[in-house]
Number of protein chains: 2
Amino acid sequence: MAKRATLTDVARLAGLSPTTVSMVLNERPNSRLSEDAAERVRAAAAKLNYRPNPAARGLRLGKTRTVGFISDEVTITRYASAMIRGLLEVAEERDHTVLISESGRRADRIASALELMLDRQADGIVFGLMGAKQIDVPVIADVPVVLSNARSASGLPCVLPDEFRAGFEAAHYLLERGHRRIAFIGRSEALLDPVLSVTIGARYAGLDAALAESGIEFVHQVDGRFWEPDLGYAGAQEVFQRTEVTAIIAANDRVAFGVYQAAQERGLRIPDDLSVVSFDDEYLASYLRPQLTTMQIPYLDMGRVAMELVLDGDPPTETLVPMPLQERGSVRALS
Amino acid sequence: MAKRATLTDVARLAGLSPTTVSMVLNERPNSRLSEDAAERVRAAAAKLNYRPNPAARGLRLGKTRTVGFISDEVTITRYASAMIRGLLEVAEERDHTVLISESGRRADRIASALELMLDRQADGIVFGLMGAKQIDVPVIADVPVVLSNARSASGLPCVLPDEFRAGFEAAHYLLERGHRRIAFIGRSEALLDPVLSVTIGARYAGLDAALAESGIEFVHQVDGRFWEPDLGYAGAQEVFQRTEVTAIIAANDRVAFGVYQAAQERGLRIPDDLSVVSFDDEYLASYLRPQLTTMQIPYLDMGRVAMELVLDGDPPTETLVPMPLQERGSVRALS
DNA sequence: CTGAAGTGCTAAAAGGATTTAGCATGGAGA
DNA sequence: TCTCCATGCTAAATCCTTTTAGCACTTCAG
């Protein structure tokens with residue numbers, strides 16, 4: 001593989017100066033160059049397969065066409081990696097690349113990841129969290145910063161899922177299908193703390209608003225802060241003992257998984273005897289049988305939007321991304 | 001935030017030349033500089049919070065301390081993102097950063113992702129696949145390339161899980177605990193095609209070798225190429241109808257998930273009535289109850305090893321990474 | 001006493017792109 | 001005829017770091 005062609009090589013071949021070549025290739029607005037020259041430049045560049053040297057360009061421009069992505073554990077866990085896909089998609093569309101770094105949520109590691117990105121002269125920075133929480137990010141003046149699925153106390157621009165609407169729609173979906181005796185598993189005061197979640201409150205509020213609109217309340221609610229299958233299993237058992245329901249809303253898919261297990265043990269068939277709706281759309285949701293109807297956390301779109309905001313600059317304080325309903329087989333319409 | 005200090009700024013403050021500063025900070029071996037000068041340089045650098053400009057350095061050196069990672073869908077799916085964690089860990093230890101790009105397994109997209117990385121002057125490239133398959137990667141002379149969880153027809157250096165040993169150990173684990181009547185679900189001739197998998201053959205061979213060592217054979221095997229819960233469910237039903245077993249080896253965790261469902265329906269309790277062992281260690285494995293004993297695909301370590309090989313240069317043709325046994329609750333020792 | 005070797009440091013070039021300032025040329029207007 | 005302006009292009013500076021070549025001085029060996 002021959003050495004990479006430089007601007008000077010192109011200029012020589014085209015019989016013009018590097019200045020001219022640069023101007024043509026960058027299509028500078030106010031440079032009145034002849035169409036003939038432009039044509040020769042383009043031909044020469046193509047012939048030599050010219051690629052601008054990013055280091056040289058970065059040195060001169062102070063821009064690197066690079067965006068840094070720092071996350072608590074988005075990259076490295078399985079839940080939220082769709083966020084990266086969104087970031088990468090947009091970056092590629094806009095001819096940027098993405099530098100990735102992990103850091104827990106320990107402030108010092110965040111700071112050092114950030115420093116790394118700034119050292120590398122990233123043109124912008126996206127912070128992404130797996131769960132929508134509040135984080136402290138050092139404020140930086142130089143480059144645009146956007147938080148994806150997170151909020152900061154300092155009011156940095158952020159992208160969050162529209163949990164209120166999702167909560168509303170989840171409940172509405174059941175109500176619309178005639179359900180009136182509905183239980184909820186996973187209510188927790190503790191989760192209203194922004195350190196743990198900045199969106200759960202909206203999820204609750206959306207659910208409650210939908211029920212209120214129909215003039216009803218949950219027939220039973222199970223408190224629970226740790227949203228794992230255990231909670232769903234025990235919670236569903238509690239529901240079955242206390243009252244009769246036609247539907248259960250689970251705080252997330254893992255809780256719903258537990259509900260499935262409890263239902264099966266009790267001989268209840270989903271969705272014939274019990275409808276289930278939940279939140280998140282983890283991959284688990286499509287493995288269950290019947291597959292789970294759930295409100296998706298839009299990691300992909302949050303990634304896309306965050307990247308767009310960073311690249312466009314001047315992002316608004318808060319951007320909400322819709323959580324689409326994944327309609328599958330766990331809900332039955334009552335006649 | 002004041003403008004970033006340059007080498008010249010440091011030199012001025014230290015009362016020395018940029019040359020000297022560069023030599024001190026890079027600790028060049030054969031430059032006999034006074035300890036006094038070195039001390040002054042370090043003090044000045046610290047005071048100005050000097051960070052070398054990576055673009056300038058990259059321009060001069062032709063190195064970027066950057067490694068490109070191209071994958072089919074490792075980043076963007078949930079299964080294998082631990083590989084990235086491994087890559088990032090090692091990169092950080094060695095003061096490198098990772099550029100990430102996705103591309104399906106379509107040759108043109110791979111080529112363009114590769115071109116992107118070379119454009120950006122990556123010092124090395126790692127290709128990572130979610131499932132261990134064969135891919136065609138254009139051979140490049142300039143930079144080291146390592147395949148992680150993949151093999152190429154052209155014999156590029158690769159890192160693969162040690163499936164033979166894993167197969168052997170999985171079977172051995174059951175045999176050691178007194179199991180003799182064992183079924184296997186997920187045998188498939190078709191999967192021996194390297195386009196679909198380059199490791200399944202070894203997995204089978206390891207299983208067979210362990211049984212052979214004990215002088216027995218599987219009491220029943222279920223063929224199946226698509227390793228989803230359906231196969232496990234139907235396969236287990238088939239096993240139960242045909243014969244009596246004390247243990248089932250599932251081709252992967254999703255198949256095992258189906259086995260769990262079939263067992264539960266039939267009133268068999270795991271591990272009391274039926275032991276289950278499988279492969280992969282997806283996160284599903286720890287959600288099942290009882291949790292699944294499974295041979296882990298070592299994505300993290302494959303990532304680490306691949307990055308180390310790229311950074312060290314001159315990687316061997318094939319490196320095997322052990323697949324650790326995740327010992328959980330799905331196996332019972334027969335008295 | 002002279003030449004060689006060693007010491008501690010620096011000037012200047014190189015790396016490849018972008019950008020500012022400005023050089024010829026030709027035509028239009030006075 | 002002379003000035004002015006537009007046109008089409010280029011020389012040279014700039015971004016920041018690394019590296020080569022070498023300067024000026026001292027010490028040592030012969």
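A:N149 places a side-chain N or O within 3.5 Å of a backbone atom of A:L129 that can act as its donor or acceptor partner. When atom types are taken as modelled, the side chain of A:R304 and the backbone of A:G86 share no donor-acceptor pair closer than 3.5 angstrom. In this structure, the side chain of B:R94 does not engage the main chain of B:L311 through any donor-acceptor pair within 3.5 Å. A donor-acceptor contact shorter than 3.5 Å is absent between the side chain of A:R85 and the backbone of A:Y299. With B:R65 contributing its side chain and B:D95 its backbone, the two residues share a donor-acceptor pair below 3.5 Å. B:R57 places no side-chain N or O within donor-acceptor distance of the main-chain N or O of B:P52, the cut-off being under 3.5 Å. Within the 3.5 Å criterion, the main-chain N or O of B:D119 finds a donor-acceptor partner in the side chain of A:R4.
Between the side chains of A:T20 and A:S17, at least one donor-acceptor pair of N or O atoms lies under 3.5 Å. Defined by atom type and a distance below 3.5 Å, a donor-acceptor pair is missing between the side-chain atoms of B:R120 and B:T66.
For DNA chain D, the neighbouring residues in residues 54-62 of chain A, judged by any heavy atom under 4.0 Å, are A:L59, A:R60. Less than 4.0 Å separates DNA chain C from at least one heavy atom of each of the following residues of residues 12-19 of chain A: A:T19.
A:Y50 has no side-chain polar atom (N or O) that falls below the 4.0 Å cut-off from OP1 or OP2 of C:dG16. When the side-chain nitrogen and oxygen atoms of A:N53 are compared with OP1 and OP2 of C:dG15, none of them lie within a distance under 4.0 Å. At the phosphate of C:dT18, OP1 or OP2 sits under 4.0 Å from a side-chain N or O atom of A:S22. A sub-4.0 Å separation between OP1 or OP2 of C:dC9 and a side-chain N or O of B:S34 is present.
A salt bridge links B:D9 with B:R12: at least one charged nitrogen is closer than 4.0 Å to a carboxylate oxygen.
Rounded to whole Å, the distance from CG on B:L7 to C1' on C:dA12 is 15 Å. Atom NZ of B:K63 is separated from atom P of C:dG15 by 17 Å (rounded to the nearest Å). Atom CZ in A:R4 sits about 13 Å away from atom C1' in C:dG15, given to the nearest Å. Rounding to whole angstrom units, CG of residue A:D9 and C1' of C:dG15 are separated by 13 Å.
Of all non-hydrogen atoms in B:A122 and B:V143, the two that sit nearest each other are O-CG1, 3.5 Å.
Within the 4.0 angstrom heavy-atom criterion, base atoms lie near A:T20.
Taking a heavy-atom distance under 4.0 Å as the criterion, the stretch of DNA chain D touched by chain A extends 5' to 3' from D:dT7 to D:dC16.
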